[in-house]
Every structure is written in C-alpha cells, then in structure tokens.
Amino acid sequence: VDGFIEVGYNTVFDLTETFTFSLWYKTSNVSLNQVLISRIYGVTSGTTWEVCHRDNNTLSYFNCITNYLQSNLNFANNNTYVHSVITYDGSSLKFYKNGVLDNTITVTLDIDAYPSSLRIGGYNPLLENNYFSGDMDDIAIYNRAITQEEVTLLYEGCNLSITTQPTDLTVDFTDDATFSLVSSSSDVTYQWQTDLGTGFENITDAGQYSGATTSTLTVTNTTMDNNNQLFLCVVVSPNSCVDTSDIVTLTVVCAINII
C-alpha cells in the first residue's frame, strides 16, 4: 500500500548542527528513488532534509541547500536487509553499511530548521514514486553523531544467549554443589546470584561460595540451610547485551545410616 507515517512537528527534529539516522531497510527495487525519512516543508512538496535510497543504489542525505550527498554504489540488495547509518558531526558526513564505514564527505551543512512534520516512507503524496517500496525496522534519530563503536553495537545487536542452562542439583549434607552454564560467546562476564528470601542478590567469592564471577559456581560444605536455595547467573557481553539463566534449586538431603 502506498503511504507514509507522519510524526508531526517537533523541534527535536530540527537537527541543524549534528545528527545521526540509523535504520534497517530492504527494498524490492534498488533502482528506484525512494524516500526513507524526511522533514517536509509545505503541504505537498519539498523537504528540509531527507534520507533516501537513490536510483543509482546509494544511500543519500539531502537538504534543500546542500543537495544530495551519497554513499558509495551498491549500498543495498533486493529484498535483503541492510543496516544503514548516516552521521554528521559538524564537519564530516559519514555513511555506514552493516556496521562498516562506507564513505566520508567533508562538508559544512547549512540546514534549515523549518517548522514541519517528520515523515517515514515518503514526503510528497503527489509523487507516488517517492514512496518507499520495502520494509524498514529499528529507525533511530539522534541529535548528535554517534561513534563507530555505537554503530557497531546497533548493527550487531544482542545476539548473546545461554546455550547450556544450569540445572537443579540434589546433594548429600556436607557435599559440594557445582552449578555451571555455557554462553554463546566466550567474551562475557558472569555474575551468580542467590535468593535467600529477600530477592536475588550478587554472590561474592567468600564463605561457601567460589566462582561467583565465572561460568561455574561451587557451593562447598553444604548444610541444611542451603536446602531449597535458589540460584541464577547474569551473563553480560562487552556491548552490554544481557542474558539471565534459568533459576535453579539446590536440594540438600541428610542421609541417616541405620545400623
């Protein structure tokens, strides 16, 4: 269906000094001019600025004073999502494709702060070929230029997962108990927690506990106070993705020898 989303006027979209546009998009026609995000002026025509997919298969930034500034060629593929980022820090306009810097243009942008609406997927209802033909996701607009590290984080997302969960344990009184898990990434931090009746709190390597910040937690010399004690582990990646393990229960039994 031809159409667009109109957000309406807000001064946060003036973006006259620095900015970042980030989105995932895929299109069924890479050789068609298509507006992704725009700040219009007037009811039916013109833009203060726009981010668009050009008919030469580039990602472009345009404003009514500077005209089109674009990425390198072959930016997108038919019906395949590409992560696209444009940043401007006041002197350099940068284009990123799938987390990698694609093009840098040294330029001083003169951007009009015309009080107008933000539109996603088109800017002019009278120009049907400017409607976006495809899908967009995770659209973000910043009033600053984000860093390469932040671009990478947006592209990689949170792919962290716990591939092997810890399991419930039953041990004899005074025996040791060992809980372990496996993460999809080796470059992570671990924090085991326990609930002693007041909610989960971090464990430290002290007393009965060792391995509190590793993939394997050991509870030594268990007592009946440990019976039905709950544990979990919080796993965090370098880019701050978080996954929490299943909650597991430690059961301690007291064996009675009958002679």
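If you take CZ on Phe95 and CG on Asn72, they are separated by 9.5 Å, rounding to the nearest 0.5 Å. Taking CE from Met136 and CD1 from Ile120, the interatomic distance works out to 6.5 Å, rounded to the nearest 0.5 Å. Between the NZ atom in Lys94 and the CD1 atom in Ile146 there is a gap of 11.0 Å [rounded to 0.5 Å]. To the nearest 0.5 Å, the span separating CG on Leu217 from OG on Ser210 amounts to 7.0 Å. The OG1 atom of Thr16 sits 10.5 Å away from the CG atom of Leu109 when rounded to the nearest 0.5 Å. Between the SG atom in Cys233 and the CG atom in Asp243 there is a gap of 10.0 Å [rounded to 0.5 Å].
Hydrophobic clustering (side-chain heavy atoms under 4.5 Å, transitive across Ile, Leu, Val, Met, Phe, Trp, Tyr) groups Leu23 together with Leu15. Hydrophobic clustering, with ILVMFWY side chains joined whenever heavy atoms are under 4.5 angstrom apart, groups Leu250 together with Tyr190. In the hydrophobic cluster analysis, where Ile, Leu, Val, Met, Phe, Trp and Tyr join through side-chain heavy atoms closer than 4.5 angstrom, Ile141 is grouped together with Leu36. When the side chains of ILVMFWY residues are joined at heavy-atom separations under 4.5 Å, either directly or via intervening members, Phe21 and Tyr81 end up in two distinct hydrophobic clusters. At a threshold of 4.5 Å between side-chain heavy atoms, the hydrophobic network of Ile, Leu, Val, Met, Phe, Trp and Tyr places Val151 and Leu93 in two separate groups.
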Could you walk me through whether Phe200 and Val234 pass the side chain to side chain contact (heavy atoms under 4.5 Å, CB included) check? CA-CA 11 Å; Phe200 281 98; Val234 179; over 6 Å; no
For a side chain to side chain contact (heavy atoms under 4.5 Å, CB included) check, start with the C-alpha distance between Lys26 and Thr80, then their side-chain angles and the critical distance, and finish with the verdict. CA-CA 5 Å; Lys26 64 179 179 179; Thr80 301; 5.6 Å; no
Evaluate the criterion side chain to side chain contact (heavy atoms under 4.5 Å, CB included) for residue pair Tyr25 and Val82; output intermediate values, then yes/no. CA-CA 6 Å; Tyr25 80 92; Val82 60; 3.9 Å; yes
Before giving the answer on side chain to side chain contact (heavy atoms under 4.5 Å, CB included), spell out for His83 and Tyr96 the whole-Å C-alpha distance, their side-chain angles and the decisive distance to 0.1 Å. CA-CA 8 Å; His83 184 237; Tyr96 296 85; over 6 Å; no
Just do the side chain to side chain donor-acceptor pair (under 3.5 Å) check on Ser185 and Asp187 with the steps written out, would you? CA-CA 6 Å; Ser185 173; Asp187 188 18; 5.9 Å; no
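Looking only at distances, no side-chain donor or acceptor of Asp246 sits under 3.5 Å from a matching main-chain atom of Thr167. Counting only distance, with no hydrogens or angles, the side chain of Asp172 and the backbone of Asp175 share no donor-acceptor pair below 3.5 Å. Although no hydrogens or angles enter the test, the distance criterion places a donor-acceptor pair under 3.5 Å between the side chain of Asp176 and the main chain of Asn221. With hydrogens and angles ignored, the 3.5 Å screen pairs no side-chain donor or acceptor of Thr213 with any backbone N or O of Gln191. Under a 3.5 Å cut-off, the side chain of Ser60 and the backbone N or O of Arg54 do not form any donor-acceptor pair. A donor-acceptor contact shorter than 3.5 Å is absent between the side chain of Gln208 and the backbone of Thr218. Side-chain atoms of Ser161 do not come within 3.5 Å of backbone N or O of Thr163 as any donor-acceptor pair. Of the possible polar contacts, one joining the Thr194 side chain to the Leu230 backbone as a donor-acceptor pair under 3.5 Å is found. Here the side chain of Lys97 pairs a donor or acceptor atom with the backbone of Phe75 at under 3.5 angstrom. Listed for the Thr216 side chain is no donor-acceptor partner under 3.5 Å among the backbone atoms of Ser180.
A tilted orientation is assigned to the rings of Phe179 and Trp192, their planes being inclined by 30° to 60°.
Contact annotation: the side chain of Leu154 never approaches that of Glu150 to less than 4.5 Å [non-hydrogen atoms, C-beta and beyond]. Leu181 is listed as a side-chain neighbour of Val235, based on a closest heavy-atom distance under 4.5 Å. Residues Pro166 and Ser245 form a side-chain contact, since some pair of their non-hydrogen atoms from C-beta on lies under 4.5 Å apart. No side-chain heavy atom of Phe173 sits under 4.5 Å from any side-chain heavy atom of Val253. Looking at heavy atoms from C-beta onward, Tyr61 lies out of side-chain contact with Tyr88 at the 4.5 angstrom threshold.
Tyr209 approaches Thr204 most closely through the heavy-atom pair CB-O, 3.6 Å. The two residues Gly99 and Thr152 come nearest to each other via the heavy atoms O-OG1, 4.1 Å. For the pair Val35 and Phe132, the tightest heavy-atom approach, listed with the atom from each and the gap, is O-CB, 3.5 Å. A pairwise comparison of heavy atoms in Met224 and Cys254 identifies SD-CB, 4.1 Å as the closest pair. A pairwise comparison of heavy atoms in Ile105 and Gln70 identifies CD1-O, 3.7 Å as the closest pair. Closest approach of Thr220 and Gly207 over heavy atoms only: OG1-O, 4.3 Å.
In summary, of the residues considered (Thr249, Val252, Thr251, Asn227), a side-chain contact (heavy atoms from CB on, under 4.5 Å) with Thr170 occurs for Thr251 alone. Screening Leu69, Leu59, Thr20 for a side-chain contact (heavy atoms from CB on, under 4.5 Å) with Ile86, the sole residue that qualifies is Leu59.
Within 6.0 Å of CD on Gln148 lie more than 12 heavy atoms contributed by other residues, nucleotides or ligands.
A distance below 6.0 Å separates the ring centres of Tyr155 and Trp24.
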